[in-house]
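Everything below concerns the one structure shown next.
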Amino acid sequence: MADEAIKLGGKKRSVFIDKVKEILPEGGNLNLCLTCGACSSGCPATGLEGMDPRKFLRMAALGMDEEVLSTKWVWMCTMCTRCMYVCPMKINIPQLVFNARSTWPRDQRPKGILGSCDMALRNDTCSAMGATEEDFQFVVEDVLEEYQEAQPEFAEMLAPVNKKGTEFFLNQNSREPVTEPDEMVPLWKILHLVGADWTYGTKGWAAENYCMFLGDNDAWKHIVEVKKKSVEDLGCKVWLNTE
Amino acid sequence: MRKTFGDPVAEDLRFVVKAVVGEENFIDMHPNRSNNFCCGGGGGFLQSGLPDERRTYGKLKADQILATKADYAITPCHNCHAQIHDLSDQLDHPWQTVHLWTLLCLSLGILGPNEREYLGDDLKDVDVFHPESSNM
Ligand code: SF4
Ligand code: SF4
């Protein structure tokens, strides 16, 4: 008779990885790891916090929830999905990381991401820098007017706001209207030259969504819904996000 | 781009970049396409208050860019732009980091003097559209 198998972590094991398996298609293949290491060898986050994707997955599989759910490494994996791409078993490590993020007490998650998410929740622009509907419209109209005058070839160029029924609803990263408005112009010029039918919306114009990175599912959903509603209320056909 | 829309759309973008800068001036980094590495700006890393770890993560990307010996790195989104710009900054600017729209407008001859923040000295004064409108 063989000796009794080694037991890890006592009776109650692996609550976290089991929960994640339940919500992912095919369980994210989370129990199919061959321990080959292809994931870790091409992961730029390997070594940070003494962690790497294979180790993270193996620790979760061994039920080491305390370590897995407390390592700061989950904020250093960018969820880029390269590991999953090279994995022979297509194991969804980035989703495991995302779900680990979302178990952190909200106020202990990285302040910068938290602050950007909370700022975006403040008003319907969804701007992580807190730019309001009025701020945005003012900057766009002001910059457009300057360029129409200074570069007469573009006197007819438009940067519509809240125009109904256009082909494209264009999002804009907050950084431009807030800190470098001139950087919006080259894109407007290209859209003008190709004759694109497009608009910004005062609601939901901001392209970024830090609530997703924060692992805050409800807030993430809220942000996406506000943006979606804005696109629908204007009756635009295609929602273009440049992020 | 590659992650969201897949390699074929990234291939279209290569066509655009080559058309804009000239085939002979386009250098792909290695590895590329779906084997490429994330720059480290994504997933909220830029805002996470972990600059040392973020730069360590980005070293792989910085080395990739340096290996091309290219003067310009074109980035597709703001996260990448901010991160790759910062990586270059840390190394005393061996490359410039630009948005594609900047190069598109430059190649069309419609890039004004105030739209050149990210061009290097080699291109800052090239073919300026309405130079008199500088700092209007
Ligand atoms: S690449 Fe996949 S199978 Fe190989 S160690 Fe990583 S997760 Fe496991
Ligand atoms: S998703 Fe995370 S673990 Fe996977 S390769 Fe990217 S950074 Fe590494």
Side-chain angles (χ1 to χ4, degrees), chain A residues 42-49 72-82 85-86 94 97-98 101 109-117 128 146-147 149-154 173-176 180-190 192-193 207-208 210 212-215 241-243, chain B residues 2-4 31 33-54 56-64 76-83 98-106 108-118 129-130 132-136:
Chain A
C43 167
T46 286
L48 294 172
E49 294 291 302
K72 267 167 69 182
W73 186 77
V74 296
W75 303 101
M76 300 168 191
C77 154
T78 61
M79 303 182 286
C80 71
T81 72
R82 189 186 192 277
Y85 180 77
V86 298
V97 169
F98 175 84
R101 284 187 183 195
R109 299 179 202 180
K111 279 194 180 54
I113 306 178
L114 181 66
S116 295
C117 171
E146 277 177 21
Y147 275 83
E149 276 170 31
Q151 303 180 356
E153 291 86 341
F154 288 92
N173 187 290
S174 289
R175 200 171 83 177
E176 279 119 17
E180 43 182 16
D182 288 308
E183 283 293 317
M184 296 190 288
V185 179
L187 187 54
W188 297 349
K189 287 178 174 174
I190 295 162
H192 173 69
L193 287 181
E208 63 275 7
Y210 281 94
M212 171 175 74
F213 301 145
L214 187 64
N241 191 317
T242 54
E243 265 322 275
Chain B
R2 179 271 307 165
K3 191 168 97 181
T4 314
R33 300 179 170 80
S34 282
N35 277 323
N36 212 328
F37 304 114
C38 168
C39 64
F45 218 164
L46 270 170
Q47 297 280 25
S48 65
L50 302 163
D52 294 342
E53 291 83 353
R54 173 170 58 72
T56 304
Y57 184 117
K59 191 176 178 305
L60 213 50
K61 178 61 64 186
D63 289 345
Q64 255 187 311
C77 81
H78 264 103
N79 265 310
C80 305
H81 184 273
Q83 166 76 345
V98 288
H99 298 288
L100 184 54
W101 60 59
T102 305
L103 292 186
L104 267 163
C105 286
L106 179 64
L108 289 163
I110 55 169
L111 193 70
N114 305 321
E115 304 154 59
R116 297 174 174 246
E117 175 69 24
Y118 297 107
F129 188 59
H130 288 284
E132 77 288 353
S133 65
S134 178
N135 294 316
M136 57 191 180

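Below, each value reflects all heavy atoms present in this structure, side chains not excepted, and no hydrogens, waters or symmetry copies.
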By a 4.5 Å heavy-atom criterion (distance strictly below it), what part of B:Leu106 contacts chain A: side chain, backbone, both, or neither?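 For B:Leu106, there is no contact with chain A at all, as no heavy atom is under 4.5 Å.
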Do the side chain of A:Arg82 and the main chain of B:Ser34 share a donor and acceptor less than 3.5 angstrom apart?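 Between the backbone of B:Ser34 and the side chain of A:Arg82 there is no qualifying donor-acceptor contact (under 3.5 Å).
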Do the side-chain N and O atoms of A:Glu208 and B:His78 include a donor-acceptor pair separated by under 3.5 angstrom?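 A:Glu208 vs B:His78: no donor-acceptor pair found between side chains.
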If we only count heavy atoms from C-beta on, is the B:His130 to A:Phe154 side-chain gap below 4.5 Å?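 No, every pair of side-chain atoms sits at 4.5 Å or beyond.
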Do the side chains of B:Tyr57 and A:Cys80 get nearer than 4.5 Å, heavy atoms only?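 Yes, their side chains come closer than 4.5 Å.
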Under a 4.5 Å heavy-atom cut-off, does chain B meet the side chain of [X], its backbone, both or neither?
| X | answer |
| --- | --- |
| A:Arg101 | side chain |
| A:Pro152 | both |
| A:Ile113 | both |
| A:Leu114 | neither |

Give, for atom [atom1] of [X] and atom [atom2] of [Y], the distance between the pair rounded to the nearest 0.5 Å.
| X | Y | atom1 | atom2 | answer |
| --- | --- | --- | --- | --- |
| B:Asn114 | A:Glu180 | CG | CD | 12.5 Å |
| B:His81 | A:Glu183 | NE2 | CD | 7.0 Å |
| B:Ile110 | A:Glu153 | CD1 | CD | 9.5 Å |
| A:Glu149 | B:Ser133 | CD | OG | 11.5 Å |
| B:Gln47 | A:Phe213 | CD | CZ | 10.0 Å |
| B:Leu100 | A:Ile190 | CG | CD1 | 7.0 Å |

Tell me the closest heavy-atom pair linking [X] and [Y], and the distance in Å.
| X | Y | value |
| --- | --- | --- |
| A:Lys189 | B:Leu111 | NZ-CA, 4.4 Å |
| A:Pro186 | B:Glu115 | CG-OE1, 3.8 Å |
| B:Cys38 | A:Thr78 | SG-OG1, 3.1 Å |
| B:Ala82 | A:Arg175 | CB-NH1, 3.4 Å |

Test side-chain contact (heavy atoms from CB on, under 4.5 Å) applied to B:Cys39 - qualifying residues, sequence neighbours left out: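 Testing B:Cys39 for side-chain contact (heavy atoms from CB on, under 4.5 Å), a comparison that skips the adjacent residues, returns B:Lys61, B:Cys80, B:Gln83, B:Ile84.
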Residue list, salt bridge (charged side-chain N to carboxylate O under 4.0 Å, His left out) with B:Lys59, at least two apart or on another chain: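 Testing B:Lys59 for salt bridge (charged side-chain N to carboxylate O under 4.0 Å, His left out), a comparison that skips the adjacent residues, returns B:Asp63.
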